[in-house]
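Okay, so here's the structure we're looking at.
Atoms considered below: every heavy atom in the structure, side chains included; atoms not considered: hydrogens, waters and symmetry mates. All values derive from a computational prediction rather than experimental measurement.
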Amino acid sequence: MRAADALRALRALEHPERARFARRFFRAGPGEYGEGDKFLGLRVPQVRKIAREFRLLPLGEIEKLLASPWHEARLLGLVVMIHQFERGDEAVRRSIYRSYLSHTDRINNWDLVDISAPHIVGAYLQDRNRSVLRRLARSKSLWERRMAILATFHFIRQGEARETLRIAELLRDDEHDLIRKAVRWMLREAKRVPSTR
């Protein structure tokens with residue numbers, strides 16, 4: 001099972017008209033936050049279906065998908081990563097977490113961050129030192145800062161809002177709209193936690 005096979009499966013469903021819409025929707029034009037990203041025009045359910053076929057893809061092959069210029073290939077790699085993380089033992093989870101953090105430059109749009117950070121970064125840090133979130137929150141990378149706050153969604157789902165409040169405070173004065181929106185979203189979610197723990 002290879003990344004090239006998964007990419008062929010994606011290319012078979014290429015839809016140029018939806019790809020043009022995606023370039024506008026994900027702001028991939030010159031000077032925009034997703035500048036240079038390339039799209040095949042697949043819908044998320046289509047990517048998830050292909051991910052089920054390639055759920056046993058080796059981590060090295062997943063990393064090849066993350067290196068792809070195609071947005072949907074990176075999304076596919078992340079969906080497979082989440083599947084393997086959720087079903088893996090401690091060694092598998094650690095390997096996926098480390099791979100994820102070493103490829104943050106390829107997790108480079110809000111949908112890619114939002115679908116993956118809670119399920120990999122947040123889940124891995126549940127019972128561990130969370131200082132990496134503060135490092136990510138102070139990053140120059142827009143996407144790493146978004147990862148920091150979105151990762152806390154996992155803790156919120158476990159009934160804990162404390163970490164969300166800490167990261168939100170670090171990002172309080174962030175000037176990027178994608179960070180402000182993410183912080184507001186997580187704070188709304190945190191309010192649903194019965195008591196701040």
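No side-chain N or O of His176 forms a donor-acceptor pair with one of Arg180 less than 3.5 Å apart.
Atom CZ of Phe85 sits about 11.5 Å away from atom OG of Ser116, to the nearest 0.5 Å. Separation of atoms CG (Leu101) and CG (Leu136) is listed at 6.5 Å; rounding is to 0.5 Å. To the nearest 0.5 Å, atoms OH (Tyr124) and CZ (Arg93) are separated by 8.5 Å. In this structure, the separation between CD1 on Ile179 and CG on Leu150 is 8.5 Å, given to the nearest 0.5 Å. Taking CG from Leu56 and CZ from Arg87, the interatomic distance works out to 10.5 Å, rounded to the nearest 0.5 Å. A distance of 12.5 Å separates CZ in Arg98 from CD1 in Ile96, rounded to the nearest 0.5 Å.
Counting heavy atoms from C-beta outward, Leu59 and Met81 have side chains that approach closer than 4.5 Å. In this structure, Ile107 and Trp143 have side chains that are not in contact, with every pair of non-hydrogen atoms separated by 4.5 Å or more. Side-chain contact between Leu133 and Val121 is present, with heavy atoms from C-beta onward closer than 4.5 Å. For the pair Leu42 and Ile50, the minimum side-chain heavy-atom distance is below 4.5 Å. For the pair His71/Leu112, a side-chain contact is recorded, criterion being any heavy-atom separation below 4.5 Å from C-beta on. Contact check for His154 versus His119: no side-chain heavy atoms found under the 4.5 Å cut-off. Residues Val193 and Ile156 have side chains in contact (heavy-atom distance under 4.5 Å, counting atoms from C-beta outward). Side-chain contact between Glu63 and Ser99 is present, with at least one heavy-atom pair separated by less than 4.5 Å.
Side-chain atoms of Gln46 come within 3.5 Å of backbone atoms of Arg43 as a donor-acceptor pair (strictly under, hydrogens ignored). Side chain of Glu72 to main chain of Val47: no donor-acceptor pair is present (N/O by atom type, distance under 3.5 Å, no hydrogens or angles). The main-chain N or O of Arg52 is found under 3.5 Å from a side-chain atom of Arg55 such that the two form a donor-acceptor pair.
Closest approach of Leu171 and Ala137 over heavy atoms only: CD2-O, 3.4 Å. The two residues Thr164 and Ala190 make their nearest non-hydrogen contact at CG2-CB, 4.3 Å. Between Ile115 and Ile82 the shortest heavy-atom distance is O-CD1, 3.2 Å. Of all non-hydrogen atoms in Ala28 and Phe39, the two that sit nearest each other are CB-CE1, 4.0 Å. Here the shortest heavy-atom pairing between Asn129 and Leu125 reads O-CD2, 3.5 Å.
In this structure, Phe26 has its ring center under 6.0 Å from that of Trp110.
Salt-bridge formation is not detected for the pair Glu169/Arg166: no Lys NZ or Arg NE/NH1/NH2 atom is positioned less than 4.0 Å from an Asp or Glu carboxylate oxygen. Taking 4.0 Å as the cut-off between side-chain N and carboxylate O, Arg134 and Glu163 count as a salt-bridged pair. Salt bridge status for Asp174 with Arg145: present, with a side-chain N to carboxylate O gap under 4.0 Å.
In this structure, Arg157 satisfies the cation-pi test against Phe153, with its NZ or CZ atom closer than 6.0 Å to the six-membered ring centre and inside 45 degrees of the ring normal. The cationic group of Arg130 lies under 6.0 Å from the six-membered ring centre of Phe155 and within 45° of the ring axis, placing it in a cation-pi geometry.
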Criterion salt bridge (charged side-chain N to carboxylate O under 4.0 Å, His left out) on Arg128 and Glu90, from CA distance to verdict: CA-CA 13 Å; Arg128 293 180 173 85; Glu90 181 59 28; 2.3 Å; yes

side-chain contact (heavy atoms from CB on, under 4.5 Å) between Phe54 and Leu65, intermediate numbers included: CA-CA 12 Å; Phe54 290 90; Leu65 291 175; over 6 Å; no

Chi angles and distances behind the salt bridge (charged side-chain N to carboxylate O under 4.0 Å, His left out) call for Lys181, Asp177: CA-CA 6 Å; Lys181 285 179 178 177; Asp177 189 48; 3.1 Å; yes

Derivation and outcome, side-chain contact (heavy atoms from CB on, under 4.5 Å), residues Arg188 and Lys191: CA-CA 5 Å; Arg188 284 196 304 273; Lys191 285 181 181 178; 5.6 Å; no

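The side-chain contact (heavy atoms from CB on, under 4.5 Å) test with Leu76 singles out one residue from Ile62, Leu7, Leu57, Leu10, and that residue is Leu10.
Not counting sequence neighbours, the partners of Glu144 by the side chain to side chain donor-acceptor pair (under 3.5 Å) test are Thr104, Ser139.
The salt bridge (charged side-chain N to carboxylate O under 4.0 Å, His left out) pairs that include a residue from residues 10-37 are Arg11-Glu14, Asp37-Arg74, where partners are two or more places apart or lie in different chains. Listed by first then second residue, pairs satisfying salt bridge (charged side-chain N to carboxylate O under 4.0 Å, His left out) with a partner in residues 106-126 read Asp114-Arg146, not counting sequence neighbours.
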